[in-house]
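In what follows, every chain begins at residue 1, and chains take the letters A, B, ... in the order their sequences are listed.
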Amino acid sequence: MSSFNLYSRGDKVFGIINATLLTLFVLSTLYPFIYIAASSISSGLAVTSGDVLLFPKDITFAAYDRVLSDPVFWTSYANTMFYTIFGTLVSLAIIIPGAYALSRKRLLGRRYLNFFVAFTMWFHAGMIPFFLNIRDLGLLDSRIGILIAFACTAFNIILLRNFFESIPESFEEAAKMDGANEFTLLWKVYIPLSKPALVTIALFCIVARWNGYFWAMVLLRDEDKIPLQVYLKKIIIELNMDDQFASSLINSEYSFETIVAAIIVASIIPVLAVYPYLQKHFNKGIMMGGVKE
Amino acid sequence: MNSANVTLSVSNVSLKKVYKRYGSTEIVKGIDLEIGAHEFVVLVGPSGCGKSTTLRMIAGLEEISDGTVSIGERVVNKIPPKDRDVAMVFQNYALYPHLSVAENIAFGLKLRKTPKDRVKAAVDEASSILSLDPYLERKPSDLSGGQRQRVAMGRAIVRHPKVFLFDEPLSNLDAKLRTQMRAEIKRLHKRLQVTTVYVTHDQVEAMTLADRIVIMRDGKIEQIGTPMDVFLHPANTFVASFIGSPPMNLLDGKIRKSDGKVAIELNDGCIVPVPHKDGMSFTDGQEVRVGFRPEDLDVVVNDQNHTAPMNCSVDLVEPLGSEALLHLQIAGQSAVAKTTSHGRSSDMSGIANTTQVFGNLKHLHIFDRASEQSIY
Amino acid sequence: MSSNINNKITGIGQILRKDWQLYLLLAPMVIWFIVFLYTPMAGLQIAFKDFSLFKGIYGSTWVGFEHFQTLFNDELFIRSIGNTFLISLYSLVFAFPMPIILALMFNELHHAMFKKTAQTIAYLPHFISVVIVAGMVVSFLSPTTGIVNLVLDYFGFEKTYFLTNPDYFRPIFIGSTMWKEAGFESIVYLAAIAGVNPSLYESARVDGASRWQQIWRITLPSILPTIIIMLIIRIGNLVEVGFEYIILLYQPATFETSDVISTFIYRVGLQGSQYDIATAAGLFNAVIAFILVYSANRISRKLSSSSLW
């Protein structure tokens, strides 16, 4: 950019070392993905004999054929889509109005209500009472239960409340003078004005839904209802821990390794597809919800 | 241009003993104010004086703790803002960033379920009045400060309100635009003749826009009058130093009466004669403050009979081009003189050594020091 | 007196009537919190009861602190407390500084394209589910076919079944968590660095400070408040080890080092159906967590004048 020398030699050496170290870091972050992708399209034999390190060998889609021909894989994929889409909608339907109400200064007992929400960040009853409560509500092994029981987090509510609070009051006042009631105000003014925050929260919900496995594993019994992550856990972890089983699968076309790799790739692809979008908004979300009041 | 003959029905506004309290703190302390139909009234005062709160009580954005606010014949204390037939322009304009200019202007009408063709007609009318036609499809973020300001006014106009309320609408603009928009607001008022209440902390805005100025301090009205009225006859030292720029010089002194003549002795012994006026009454030794506007102090005598010489020393000379500001010490107090006699002179060294300044007695003000009220 | 209260009540009634829309918007959230987060808190009472599924939470008989006595005489529970704190402590020492270092390094990259690419890749693992991360770890470390052992074998080392060896559990757990989260966590520090007034660097350069000196004298001191707050949050969350991830990685063979309080609760309660004892352990866990988080928040409020929530 400039023809004269801005940095001293020491600084240049520093820059080179820094760039080198970061390159190594980036490669080590990336390597597992590359390895998995390469294995998923290599032959089972090539992978188990250690011939695949970076590039695929004896390219074959046998592992994918095997994975994609499992109907449970597709059911669980569809279930995850269902839980993600509707779960996020349910979350927004509760979080948006709630956060909006909390952000209004004239709300009676606002301090107590804020505490009522924030307290759950500090103290929660824990696994067993939560589980027993779900059972008592009759929401065990229920899709609806999964949708509703994980709809809110105090963090998301507080994040959105802070955003609503940062909108100048004159927007509310101007709309009130124009005759807006509370619903039109929220729908026509606050929601459009809060798009970046709402997208961030929606993405928080989507990622949590897509990746969550624990409670789905605990609460759902019926194989028709389990989401992808629970299916993955069953295939990848439980079976792989059983080394005998893993070795027994080896044939020349695919091995347990390549099957696992194929499943992983198949389940990560949607995440990668929306990742550029995710990254942009998570950045903002972290900023908004981070250390701020 | 059929929009030229828009006529709106307008209302007077009347405030009677209006109070605003937050808990035990009083923000507005019993204001009485009659604003005539078509009138342009400016509420002016330092921040925290209650001017915005008063405006917001008229708008219905703040509850009225005590007293009554009427718009037209109707007491509006309990009437929600949307039903008061008032429109307000906010300091930050409150334009919806996700809506186009046209949609912003139409927002209020749409909320009221106004038929589409009427909305369109109203938007067209407002946009032609404010010359917004080329920008109707743009988003507020693509507009300049002045254009946003006009959109905000457009949103107020389409409602055909009986009263316009402005809350420091120009304070977000730079100095040049502010002057320009000031003129536009004035023109708009001339054309639409809608009763207007305008809040600002800028006395120049107040002077240039108002039919009548209301000067407020600490929740009370200090003076109401036409711009020239409050400039020429400030009711007290607060108004005197608030209106006019630079502010009026106030010098401590004592009344001296002898032989039926009245004079004021400044702290350094200088005597300022007080020309006779009907009805003036002083007591000997009364502590007062003498007021000279900067433009009534000069280093050159123009009129022997109506000037009072005072000893001074010059701290600083600020040439402004056509005039110069002298920062002076008179009788141990700071004062400013605005002298035109040395304007346009490239040599300021002469006046820097001035030891005498002459006050124009035609525009002499005297205030009681204890009560701060004008007594002359 | 009583008329005063009556006035207040009618006052509230009026407000509710005037602003009913606002309270209607609030209602679903409040109901949700009561049903799903506060009702379970009432269920905590079974920590002090001999819980029977037939009698239910409220009908079961009280047994006082019996379950807590049982727990504290249980070596496995004591071990899980120790493991929880050790895993947290090691994470604090090894994983906490990593995002700070990364942020400083990212900030020193002046090639815009490289910087953006590096960040994009660094954040990616955060969005991958723990199941997949665990799957990768399991697959990489597999004794017969995993790449790590294949490489070891190639260099003449003996193949090791890492996941069954208690000595390796914590390094594997903390290392893979760092792989997943360190890049993403650097965002907070990068934001703090972005907030540093650029003229500070310019004046330091005029004064002849090297880039290394600029990091130590300007960047680090400027982001110190953020570091402290993040550290406090971390300490506040000491008992919140990633148990969902541990459950995926641990095996009975490694319980010795891997079994934390939450996994203990999971096994005893959800897998073993001893709800009352597991609840007692959970209550203990929650109380410790609460004390830590609450004090952390108090401290950060004092230090930074901005609290976390």
Next item on the list: Take C/Phe36 and A/Leu139, measure what side chain to side chain contact (heavy atoms under 4.5 Å, CB included) needs, and give me the verdict at the end.
Entry: CA-CA 11 Å; C/Phe36 288 104; A/Leu139 294 175; 4.0 Å; yes
Check: Hey, mind stepping through A/Arg106 and C/Leu22 against side chain to side chain contact (heavy atoms under 4.5 Å, CB included) and telling me if it holds?
Finding: CA-CA 10 Å; A/Arg106 64 178 188 286; C/Leu22 192 62; 4.0 Å; yes
Item checked: Main-chain N/O of A/Phe116 paired with C/Tyr38 side-chain donor or acceptor, under 3.5 Å -> yes
Margin query: Let's test your reading of the structure: which of C/Leu37, C/Ile128, C/Thr39 forms the most heavy-atom pairs below 4.5 Å with chain A?
Written below: C/Ile128
Note to self: Taking ring-ring contact (aromatic ring centres under 6.0 Å, His included) as the definition, give me every residue that meets it alongside C/Phe243, ordered by chain and number, with sequence neighbours left out.
What the structure shows: A/Phe214
Check: Any sub-3.5 Å donor-acceptor pair from A/Asn211's side-chain atoms to C/Phe127's backbone N or O?
Finding: yes
Notebook entry, point to check: In chain order, what residues pass the ring-ring contact (aromatic ring centres under 6.0 Å, His included) check against A/Tyr213, with sequence neighbours excluded?
Noted result: none
Margin query: For the aromatic rings, using the six-membered ring if either is Trp, is the centroid distance between C/Phe140 and A/Tyr35 under 6.0 Å?
Written below: yes
Check: Do A/Tyr275 and C/Tyr123 have ring centroids that are under 6.0 Å from one another?
Finding: no
Check: Between A/Asn133 (side chain) and C/Val35 (backbone), is there a donor-acceptor pair under 3.5 Å?
Finding: yes
Next item on the list: Could you walk me through whether A/Phe33 and C/Leu124 pass side chain to side chain contact (heavy atoms under 4.5 Å, CB included), step by step?
Entry: CA-CA 10 Å; A/Phe33 293 107; C/Leu124 177 60; 4.1 Å; yes
Item checked: N/O donor-acceptor pair under 3.5 Å between C/Trp179 side chain and A/Thr29 backbone -> yes
